[in-house]
Each structure stands twice: as structure tokens, then as C-alpha cells.
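Structure first, commentary second.
Just follow the structure's listing: the first ligand is 1, and inside any ligand the first atom is 1. Residue numbers count from 1 along this sequence.
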Amino acid sequence: MGTIEVETTAANLRSRLDKERAAGRLVGLVPTMGYLHGGHASLIDAAVAGNDLTVVSVFVNPLQFTPDEDLADYPRDMETDLKVCTRHGADLVFTPAVREMYPESGLPVVEVGDLAFCFEGASRPTHFPGVVSAVSRLFQIIGTCRAYFGEKDFQQLAVVRQMVADYSIPVGVVGCPTVRAHDGLALSSRNAYLTSAEREEASVLHRALQVGAEIVVGGETDPEVVTALMAEVIDAATTGELDYVAVVDPDTFETPSRITGTGVRLLVACQFGQARLIDNMGAVPA
Ligand code: PAF
């Protein structure tokens with residue numbers, strides 16, 4: 001296994017990628033906060049398959065953590081991250097310092113719409129403005145590319161898509177399926193905070209989504225019936241604190257009065273001890 005190229009400065013990375021594009025090569029970007037797991041690996045695989053050169057960014061973005069969250073404790077393991085990137089065929093890892101991402105001279109503020117303030121954004125109002133600060137800056141540094149995001153963070157994917165459309169950013173946003181553990185738990189760096197008892201219980205989120213999706217497929221049209229059943233499944237199996245369960249339109253994140261043939265997205269967020277876990281699933285009536 002060779003040594004992967006690591007770049008830390010925006011200017012060097014940009015001129016390198018401009019040369020690649022001038023030579024007709026397609027650039028893929030996988031934005032991450034590191035501590036890479038199988039979900040990230042699947043994004044790297046997709047980027048490698050669809051482009052000539054794949055960049056993985058590893059940047060723990062301080063702006064998307066709220067003051068009471070885990071910035072200092074956020075898990076980090078650069079050595080393993082570089083191995084994962086190499087093993088999955090990425091070409092380059094971008095590891096900028098905070099000042100490289102957010103220069104003292106300041107950056108234009110990127111506005112986010114209503115999508116950023118419901119559900120995850122209601123619980124953490126500074127989260128998505130922080131995410132778009134990092135992602136827009138990465139897009140600015142990398143330039144024209146395809147960028148790969150996991151559907152696990154379904155609302156993040158929608159917010160990024162909205163930003164790209166609003167600001168006509170020349171980036172193709174590609175959503176990739178959630179990768180799950182054997183018992184259905186969605187892979188997430190935050191799973192590292194779960195105790196073994198919480199880890200056992202946490203798979204209930206996936207079960208609840210499956211139960212909700214099954215009744216939608218089976219013809220249930222009332223979102224309240226679906227959310228009540230999902231909440232019941234979760235409450236019965238865990239002492240974890242349920243934040244929300246919801247049935248939403250996948251584009252607007254509004255709850256429809258009735259579920260129709262176009263389908264819905266089921267969302268769930270639950271606090272297990274130190275770990276706030278989110279998950280989601282699509283459901284279309286048969
Ligand atoms: O999903 C993440 O890991 C982060 O929110 C992202 C997209 C890398 C922005 O910091």
C-alpha cells in the first residue's frame with residue numbers, strides 16, 4: 001500500500017486540481033470530519049468509481065458544534081483515516097487547519113433557508129449554518145467536482161443541495177445509501193460514545209423505521225399513526241430519550257396531511273447517554 005498524498009493548504013490543492021481538470025480529469029470530493037468508518041468508505045468507493053481523482057477532506061469543523069457538544073472529545077484518528085483512504089483508492093487527503101478553512105480576513109456569509117431550522121436544526125440552530133460554512137468553503141477550494149454525502153444525514157444532504165442550487169455552485173451533489181451494522185444501526189462516528197448497553201438498544205431506531213415503512217407500504221396514509229407506532233417501538237425498547245419521530249416530504253421536510261403515492265421520508269432522533277443518534281428511511285405506498 002503506497003503513501004497517500006496529503007495536502008494542507010487551499011492554494012496548493014486548488015492549483016493541483018485545476019491542472020487535473022485542465023487535463024480533462026473529473027474530480028470527486030468526499031467531505032468528512034475524519035474517524036472514518038464503513039459509511040465513509042462507501043462514499044470513497046462511489047467517488048473513486050465515478051471520477052478520475054478522489055479527494056477526501058478531513059476537517060473537524062468547529063462551527064457545526066454547539067457549545068455543549070463534543071468538539072474537544074470528537075473522536076480523531078488520522079493514521080487510520082489515511083489507511084482507509086489509501087485502501088479505498090482515494091488519491092489525496094486534504095487536512096486543513098482551522099485558519100486555512102476560515103481565514104482571519106473572513107468569508108462571505110452563506111445564507112441557509114428554512115430547511116436548516118427544522119428537526120436537527122430546531123434542536124441545534126447553529127448546526128447547519130456551521131455545516132454550510134465548511135461545505136461552501138470546501139467547494140470554493142476544490143472547485144468544480146462531484147461531492148459525495150451519506151443519506152444517513154438526510155437533512156444535511158437536503159440543506160447542501162439547496163445551497164448548491166441557491167448559489168449556482170458548480171458541484172454535483174451525490175447522495176449515497178446509509179451503511180448499517182449487522183443489527184441495522186446506521187454507522188456513525190458518534191456510535192463510539194455508546195456504552196455496550198446503549199449500543200444494544202440503539203438498533204431499535206432502525207427497527208422503528210422498518211416498522212413505520214412497512215405500514216406506509218401497506219397503505220397507512222395518516223402520518224400520526226405512523227409516528228405513534230414508531231415512538232411506541234422505541235419507547236418499549238430503550239431508556240434513550242426520544243427527540244423526534246417524523247414523517248416528512250423528502251424535499252420540503254414538511255409533514256403531509258396524508259401520505260400519497262410519491263412517498264415520504266421517516267426521520268428519527270434519539271439521545272442515548274452521550275450520543276445523539278439520528279436515522280431515516282424512505283417509504284413509498286405499494
Ligand atoms: O457529515 C459530516 O461529516 C460533516 O457535517 C461535513 C459534511 C464534513 C461538514 O463538516
Side-chain angles (χ1 to χ4, degrees), residues 7-8 10 13 28-44 46-47 54-66 69-78 80-81 84-85 88 90 92-102 107 109-110 112 115-117 119-121 123-142 145-164 167 169 171-179 186-193 267 269 275-280:
E7 188 54 78
T8 55
L13 179 61
L29 167 67
V30 181
T32 81
M33 297 210 299
Y35 210 66
L36 304 181
H37 50 64
H40 297 112
S42 77
L43 302 181
I44 300 172
T54 293
V55 181
V56 178
S57 62
V58 176
F59 176 65
V60 181
N61 173 28
L63 298 190
Q64 69 190 77
F65 289 78
T66 49
E69 278 178 337
D70 49 353
L71 174 61
D73 298 337
Y74 195 79
R76 291 162 170 89
D77 184 351
M78 188 55 87
T80 305
D81 289 350
V84 172
C85 292
H88 286 268
L92 211 150
V93 179
F94 180 47
T95 58
V98 173
R99 270 284 161 252
E100 194 70 16
M101 282 291 280
Y102 303 124
L107 291 169
V109 173
V110 178
V112 287
L115 270 186
F117 299 105
F119 300 106
E120 281 310 284
S123 307
R124 305 151 78 206
T126 55
H127 175 67
F128 288 121
V131 169
V132 300
S133 298
V135 173
S136 62
R137 174 68 174 141
L138 282 172
F139 288 175
Q140 188 190 54
I141 295 168
I142 305 286
C145 67
R146 286 199 197 103
Y148 295 75
F149 293 85
E151 285 185 349
K152 144 87 173 43
D153 295 308
F154 196 73
Q155 195 176 352
Q156 167 172 280
L157 180 58
V159 168
V160 170
R161 283 204 160 112
Q162 187 68 55
M163 173 188 79
V164 163
Y167 288 86
I169 299 172
V171 170
V173 176
V174 184
C176 299
T178 302
V179 178
L187 299 191
S188 162
S189 307
R190 289 199 159 91
N191 293 349
Y193 301 137
L267 310 177
R276 187 167 181 288
L277 302 187
I278 58 172
D279 202 351
N280 67 87

- Message: Gln156 versus ligand 1: do any nitrogen or oxygen atoms come within less than 3.5 Å of each other?
- Response: yes

- Message: Tell me every residue that passes salt bridge (Lys or Arg N to Asp or Glu O under 4.0 Å) with Arg124, counting only those two or more places apart in sequence or in another chain.
- Response: Glu69, Glu120

- Message: Between Tyr74 and Asn61, do the side chains contain a donor N or O and an acceptor N or O under 3.5 Å apart?
- Response: no

- Item | Verdict with supporting geometry, Asn191 and Leu277, side-chain contact (heavy atoms from CB on, under 4.5 Å) | CA-CA 8 Å; Asn191 293 349; Leu277 302 187; 3.5 Å; yes

- Task: Mind checking whether Val160 contacts ligand 1 via backbone (N, CA, C, O), side chain (CB onward), both or neither, at a 4.0 Å heavy-atom cut-off?
- Result: neither

- Message: Which residue and atom name correspond to the protein heavy atom nearest atom 9 (C) of ligand 1, and how close is it?
- Response: Gln64 OE1, 3.3 Å

- Message: Can you name the atoms of ligand 1, numbered from 1 with element, that are less than 4.0 Å from a heavy atom of Thr32?
- Response: 8 (C)

- Item | For Thr8, all residues meeting side-chain contact (heavy atoms from CB on, under 4.5 Å), sequence neighbours excluded | Thr95

